[in-house]
Student: 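Once you've had a glance at the structure underneath, I'll fire off some questions.
Every value quoted in this text rests on a predicted model; they were computed, and no experiment measured them.
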Amino acid sequence: MPSPLVSVIMPVYNQEPYLREAVDSVLAQTWRDFELLVVNDGSSDRSREIVLSYRDPRVRLIDNPRNLGLASARNAGLRQARGSYIAMADGDDISLPQRLAKQVAFLEQHPDLDACSVGMAFFGEPTPSTGWVVANDPEQAKVNLLFFCPLPHTPIMYSRSLQREAGLYYDPTYDFAEDYEFLYRFCQVGRVGSLTEVLYLYRQHPRQISVANRDAQGRDSDRIRAMILRDLGLSPTPAELKLHSLVSTNRFQGPAAEPAAVTAWLGKLYAAVSPNPQYQQAKLRQSLWNIWLSFCLSRPVPQGLACLGRVFQSPLSSALGGRGPAGAKMLLYYPYLKLRCGPP
């Protein structure tokens, strides 16, 4: 049997209420040349029976002997995948009909990219937010990984040959943020873009991993950020690690996030990252600008204006280019955002 162009990997653990809708959405794709590897990760409900009820030869069931976690389930699919492209999907979400076709076309039209995500809308309960759409900017995505996972991983598609050549698999020791850790290592060897069109529907419900394990997900994300800082040659103190977590997640309250501490940390981070040729300085400065502006906006107006003035002082003047036109532009942008958004 010839190998399909796309291998869709769908980890499943006790997703009986949603699984049929998720599988049907993949089988309804306008792109037909794919296999669907459903990895049953030790489910105790009827998930396995639902998968076996399909007679479509493109559906393949992989059984984990017990519940091993999301990273191990993804890896089980990767080891058996035959396609040139790997596409991820979850057993409680919906892929819109043109998702695979548009991702394949995008990657083949952009041979400089090794992966792409798509716009993602949220639905279900609790009341969802609007969604997650990311511009196609591989260099900005690489910089953003210093702080957070910069694009939706669940609907990602990437090169299987690069994944195999680089030995990239999901790390079970980061099982609640395995996507963030995987993307960081992927971007060390490849380039990741994104389609801005919404082609994936992400279901929100109380049983999903990101809800049921929110605290563990935060701890794993902090461990990944610490690993990235060490890779950059930094040896952050516990206080600096806490501060980096706060600025990465836009949490600016409390004594750990005082202006002097944030100023010193952003300057130190810029000094460590800017000489690294993997990171574009303009994109790095843009990210640091965004963090500093968010910090200033989190303060009452008098304090926020005082914080803005620090862009003309060291070390922020170097990290943000505050002595040039960018500093003046930021000073003008601040009152606009403050008036538009109101008090934090």
Student: Does any non-hydrogen side-chain atom of Trp292 lie less than 4.5 Å from one of Cys307?
Tutor: yes
Student: Using atom types as modelled and distance alone, determine if a side-chain donor or acceptor of Tyr180 lies under 3.5 Å from a backbone N or O of Leu145.
Tutor: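 Yes, because the side chain of Tyr180 sits within donor-acceptor range (under 3.5 Å) of the backbone of Leu145.
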Student: I need the Glu240 CD to Leu234 CG distance, nearest 0.5 Å.
Tutor: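 Between atom CD of Glu240 and atom CG of Leu234 there are 8.0 Å.
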Student: Given Val23, which partner from the list Ile50, Leu36, Val12 fulfils the side-chain contact (heavy atoms from CB on, under 4.5 Å) test?
Tutor: Leu36
Student: For Glu35 and Ser7, indicate whether the former's side chain and the latter's backbone hold a donor-acceptor pair under 3.5 Å.
Tutor: no
Student: Transitively linked via ILVMFWY side-chain contacts under 4.5 Å: Tyr174 with Leu68?
Tutor: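 The answer is no; the residues belong to distinct hydrophobic clusters.
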Student: Measure across Ser72 and Arg79 and return the closest heavy-atom pair with its distance rounded to 0.1 Å.
Tutor: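 Looks like O-NH2, 4.4 Å.
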Student: Side chain to side chain contact (heavy atoms under 4.5 Å, CB included), that's the test. Do Phe295 and Leu266 meet it? Break it down for me.
Tutor: CA-CA 12 Å; Phe295 176 73; Leu266 294 184; over 6 Å; no
Student: With distance as the sole test, does Asn67 use its side chain to make a donor-acceptor pair with the main-chain N or O of Gly42 at under 3.5 Å?
Tutor: no
Student: Please check this pair: side chain of Gln188 against backbone of Tyr184, looking for a donor-acceptor N/O pair closer than 3.5 Å.
Tutor: yes
Student: Working to the nearest 0.5 angstrom, can you tell me the gap between Tyr200 OH and Gln103 CD?
Tutor: 10.5 Å
Student: Going by heavy atoms in the side chains, are Thr154 and Asp179 under 4.5 Å from each other?
Tutor: no
Student: Sort and list the pairs that fulfil ring pair (Phe, Tyr, Trp, His ring centres under 6.0 Å) and have at least one residue in residues 55-95, not counting sequence neighbours.
Tutor: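 Passing the test, one end in residues 55-95: no pairs.
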Student: Find the distance between OG (Ser47) and CZ (Arg20) and round it off to the nearest 0.5 Å.
Tutor: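 Going from OG on Ser47 over to CZ on Arg20, the span is 11.0 Å.
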Student: Just so I know, are the side chains of Lys268 and Pro315 near enough to count as touching, which here means a heavy-atom distance under 4.5 Å?
Tutor: no
Student: For residues Arg299 and Ala257, report the shortest heavy-atom separation together with the two atoms involved.
Tutor: NH2-O, 3.3 Å
Student: Sub-3.5 Å donor-acceptor pair from the side chain of Asp41 to the main-chain atoms of Ala73, do we have one?
Tutor: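 No, because the side chain of Asp41 does not come within donor-acceptor range (under 3.5 Å) of the backbone of Ala73.
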Student: Is there a side-chain contact between Trp265 and Leu246, using heavy atoms and a 4.5 Å cut-off?
Tutor: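 No, too far: nothing below the 4.5 Å cut-off.
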Student: Which atoms form the tightest heavy-atom contact between Phe34 and Val26, and what is the distance?
Tutor: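 Scanning both residues completely, I find the closest heavy atoms to be CZ-O, 3.3 Å.
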Student: Under 4.0 Å between a Lys/Arg side-chain N and an Asp/Glu carboxylate O for Asp171 and Arg185?
Tutor: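 So Asp171 does not pair with Arg185 through a salt bridge.
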Student: With rounding to the nearest 0.5 Å, note down the distance linking CG in Leu232 to CE in Met227.
Tutor: 10.5 Å
Student: Can you tell me if Arg74 uses its side chain to pair, donor with acceptor, with the backbone of Tyr169 under 3.5 Å?
Tutor: no
Student: Centroid separation under 6.0 Å, is that true for the rings of His153 and Phe186?
Tutor: no
Student: Would Val39 and Asn64 count as a side chain to side chain contact (heavy atoms under 4.5 Å, CB included) if you check the C-alpha gap in whole Å, the side-chain angles of each, and the deciding distance to 0.1 Å?
Tutor: CA-CA 7 Å; Val39 184; Asn64 278 349; 4.0 Å; yes
Student: Under a 4.5 Å cut-off applied to non-hydrogen side-chain atoms, are Ser44 and Asn14 in contact?
Tutor: yes
Student: Can the ring centres of Phe182 and Tyr158 be said to be less than 6.0 Å apart?
Tutor: yes
Student: Within the 4.5 Å heavy-atom criterion, are Pro150 and Phe148 side-chain neighbours or not?
Tutor: yes
Student: Just by distance, no angles: are the side chains of Ser274 and Arg285 close enough, under 3.5 Å, to form a donor-acceptor pair?
Tutor: no
Student: At their closest point, which heavy atom of Val134 faces which heavy atom of Ser194, and how far apart are they?
Tutor: O-OG, 3.4 Å
Student: Backbone N or O of Asn290 within a donor-acceptor pair of the Ser294 side chain at under 3.5 Å?
Tutor: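 It does hold such a pair.
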Student: Is any side-chain heavy atom of Val247 closer than 4.5 Å to one of Leu269?
Tutor: no
Student: Using the rule given for side chain to side chain contact (heavy atoms under 4.5 Å, CB included), can you reason through Val51 versus Asn40, listing the C-alpha separation, both sets of side-chain angles and the distance that settles it, and then say yes or no?
Tutor: CA-CA 9 Å; Val51 179; Asn40 174 40; over 6 Å; no
Student: About how many Å separate CG of Leu243 and OG of Ser248, when rounded to the nearest 0.5 Å?
Tutor: 9.0 Å
Student: With a 4.0 Å cut-off on N to O distance, would you call Arg99 and Glu197 a salt bridge?
Tutor: no
Student: Kindly say whether Leu96 contributes a backbone atom to a donor-acceptor pair with the side chain of Gln29 at under 3.5 angstrom?
Tutor: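 Looks like yes, one N/O pair under 3.5 Å.
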Student: Main chain of Asp92, side chain of Arg203: is a donor-acceptor contact present, judged purely on distance under 3.5 Å?
Tutor: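 Yes.
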Student: Hey, are the side chains of Ser287 and Asn144 touching, using non-hydrogen atoms and a 4.5 Å cut-off?
Tutor: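 With C-beta onward as the side chain, the pair touches.
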Student: Considering non-hydrogen atoms only, spot the tightest contact between Thr30 and Ala101 and give its length.
Tutor: OG1-CB, 3.6 Å
Student: Strictly below 4.0 Å, N to O, side chains only: are Arg219 and Asp222 in salt-bridge contact?
Tutor: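 Judged by the 4.0 Å cut-off on N to carboxylate O distance, Arg219 and Asp222 do not form a salt bridge.
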Student: In Å and rounded to the nearest 0.5 Å, what is the CZ to CG distance from Arg160 to Leu168?
Tutor: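 Taking CZ in Arg160 and CG in Leu168, the distance rounds to 13.5 Å.
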Student: Output, in order, the C-alpha distance, side-chain angles, deciding distance and verdict of side chain to side chain contact (heavy atoms under 4.5 Å, CB included) for Leu100 and Met157.
Tutor: CA-CA 8 Å; Leu100 296 182; Met157 178 182 286; 3.8 Å; yes
Student: What's the shortest heavy-atom distance between Arg82 and Pro2, and which atoms?
Tutor: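 Nearest pair, atom of Arg82 first, then Pro2: NH1-O, 3.6 Å.
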Student: Side chain of Asp93, backbone of Ala22: donor and acceptor closer than 3.5 Å?
Tutor: no
